[in-house]
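For reference, the structure is listed below as structure tokens.
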Amino acid sequence: MPPDRAAGLAESRCALAEGEVTSRALVERALARIEAAQPTLNAFRIVRAEAALAEADAADRELAAGVRRPLLGVPVAVKDDMDVAGEPTAFGCRGDFPPVAADGEAVRRLRAAGAVIVGKTNTCELGQWPFTEGPAFGDTRNPWHTGHTPGGSSGGSATAVAAGLVPAALGSDGAGSVRIPASWTHLIGIKPQRGRISTWPRGESFQGITVNGTLARTVADAALLLDAASGNHARDPHRPAALTVADAVGRDPGRLRIALSLKPPFTAVPARLDPRIRARILQLADKLAALGHVVEEADPPYGQIGLTFVPRATAGNAEHVREAPDPALLDPRTRDAARLGRLLGGAPLRAARRAEAVLHRRVGRFFGTYDVILTPTTAAPPPRIGALHRLGGLATDRAMIAACPYAWPWNVLGWPGVNIPAGFVDGDLPIGAQLLGPADSEPRLISLAAQVERELRWHERWPPEAVVGAPTV
């Protein structure tokens, strides 16, 4: 590991338990890294320096008394769509958002596991776009190349982890918003089964398409954070059976039947897979075959799945806009999406929700033949800063769909998906691949991802150290 980069979750936990380091020292180092990187990378909306140090001191007292919890004393970050008691939840928006009174359920569970929340990371306005830029906080930049976006909407969390500011972070994924920035920053990004990590105080986020997920440099760390954050509030509508996914990291996945799907699902806008990404995905498919898996080209029967996505996404947008302290400060694209959501919030939304069961049966039959689907995570490498943010509404939608057509169907289905690094294009721009499965398949996906990680050892490569504190380009 390069100097002054965060150790992983598992490594930090072991060092704390063995008394090799204190939580205060880990948190102080994380805060120093964040401060040094913020002018360049701008990963954080809120840094909880004083509160985090107090929490670290409390963790050290517990450790000294022999208490052991899964993440006791380890610094982590969460996305700024999650409630942290005493902090505002602005979700990428301008306006005077009051501090919230209580932690959201996912944050509460992280604290119960002993984690120290060092800050809240940047996200684009209401998490709508695959970039993390906006007038509320500026541009969040990719540590691999600061002229490019880390993606979105969990771009702040991805940047913080990829740059080694924190060992892992929570994000949320409503159309790929964990998997896309994980792809574009060379990380593991786990989008779990709907309900695996609670979104409370919202029983459903964006009509059920958005779930909370994890970003880390290794499969083991992403799984460890997933286990720590998993669980439900008593009033959650989606309550999948409990799983311990970290156990799957060292488990042999067995000989799997893997469908290689390079064709994007149908959208109203044409999407073309960049040939450089295609070549990397084919290399990954060859690696999976060399590991003993059966890999063949086959596309899931998505049909017109896109028609069910738009009403849910825009209706969710309208719900958030109604809660904004000053909607006039929101991006015109946000207000336009909210107007559409109000129009689609009746019969079209009900039809979209009913269609999910039909899609489960149709796509579920595909998993009678295959165990896992391998697809690109994105159709294009990370765009330059400003390339999408400065567009109008229709142009933004067209560019977003063209660049990121592969991730969102799994949000409609509510099933698990994992981004794994798939290499680089143009020397230093990361791209990724998705491993997709049916309901409750996180252990299989994580076992397979860990098997590939042992071969490719992607976590050993870091962004340039000179990025932190360097001028942007």
Side-chain angles (χ1 to χ4, degrees), residues 1 6-14 70-71 74 76 158 161-162 167-171 173 178-179 182-183 185-193 196-197 213-230 242-260 280-281 283-295 370-377 410 415-423 430-438 440-462:
M1 183 180 68
L9 279 188
E11 184 181 353
S12 297
R13 179 176 69 170
C14 289
L71 296 179
V74 181
V76 299
V161 176
L170 285 185
D173 190 314
V178 163
R179 290 163 289 158
S183 167
T185 59
H186 197 64
L187 296 178
I188 303 299
I190 301 177
K191 173 216 170 298
Q193 176 75 18
R196 181 77 60 213
I197 301 178
T214 63
L215 296 114
R217 291 182 50 79
T218 67
V219 178
D221 282 352
L224 182 60
L225 189 63
L226 178 57
D227 282 343
S230 290
L243 292 174
T244 302
V245 298
D247 293 347
V249 171
R251 189 184 306 153
D252 186 340
R255 189 169 187 255
L256 299 176
R257 302 162 299 171
I258 300 175
L260 170 63
R280 299 294 184 274
I281 302 302
Q283 289 172 358
L284 185 57
D286 289 342
K287 172 57 68 176
L288 289 165
L291 288 169
H293 304 294
V294 177
V295 182
Y370 298 101
D371 302 304
V372 173
I373 301 171
L374 169 68
T375 80
T377 303
W410 245 243
W415 292 345
V418 178
N419 176 81
I420 60 173
I431 56 101
Q434 293 184 101
L435 303 175
L436 303 172
D440 303 315
S441 62
E442 290 99 328
R444 178 185 297 160
L445 300 178
I446 287 167
S447 176
L448 179 60
Q451 182 188 50
V452 181
E453 181 179 77
R454 288 192 292 272
E455 292 288 318
L456 300 183
R457 305 192 66 79
W458 47 60
H459 54 285
E460 295 179 352
R461 182 167 174 178
W462 288 81

Val249 and Ala223 have their tightest heavy-atom pair at CG2-CB, 4.0 Å
With the side chain counted from C-beta on, respond yes when Leu170 and Thr214 share a heavy-atom pair under 4.5 Å apart, and no when they do not. yes
Out of curiosity, Arg179 CZ to Leu435 CG, how far, rounded to the nearest 0.5 Å? 11.5 Å
Hey, is the main chain of His459 close enough, under 3.5 Å, to the side chain of Arg217 for a donor-acceptor pair? yes
Using every non-hydrogen atom in the two residues, find where Pro167 and Ala6 come nearest and quote the distance to one decimal. N-CB, 3.7 Å
To check you understand the geometry: which heavy-atom pair defines the closest contact between Trp458 and Val219, and what is its length? CZ2-CG2, 4.4 Å
Quick check for you: to the nearest 0.5 Å, what is the distance between His186 atom NE2 and Arg461 atom CZ? 6.5 Å
Scanning both residues in full, the closest heavy-atom pair of Pro421 with Ile188 reads CD-CD1, 3.7 Å
Is any side-chain heavy atom of Ile373 closer than 4.5 Å to one of Trp410? yes
Close side-chain approach of Leu288 and Leu448, heavy atoms under 4.5 Å: yes
Between Ala422 and Ala433, the two heavy atoms sitting closest are CB-N, 3.9 Å
About how many Å separate CD1 of Ile420 and CD1 of Ile446, when rounded to the nearest 0.5 Å? 12.5 Å
From Leu226 atom CG to Glu442 atom CD, the distance as rounded to the nearest 0.5 Å: 6.5 Å
Backbone N or O of Val178 within a donor-acceptor pair of the Asn419 side chain at under 3.5 Å? no
Mind checking whether Glu453 and Gln451 have side chains closer than 4.5 Å, heavy atoms only? no
Between the main-chain N or O of Gly437 and the side-chain N or O of Arg444, is there a donor-acceptor pair closer than 3.5 Å? no
Of all heavy-atom pairs between Arg251 and Pro443, which one has the smallest distance, and what is that distance? NH1-CB, 4.1 Å
Leu243 CG to Asp440 CG distance, which is reported to the nearest 0.5 Å: 6.0 Å
Are the side chains of Leu9 and Leu71 in touch, meaning some heavy atoms are under 4.5 Å apart? yes
Ile190 vs Leu445 side-chain heavy atoms within contact, under 4.5 Å: no
Within the 4.5 Å heavy-atom criterion, are Asp227 and Asp247 side-chain neighbours or not? no
Give, for atom NE2 of His293 and atom CG of Leu256, the distance between the pair rounded to the nearest 0.5 Å. 5.0 Å
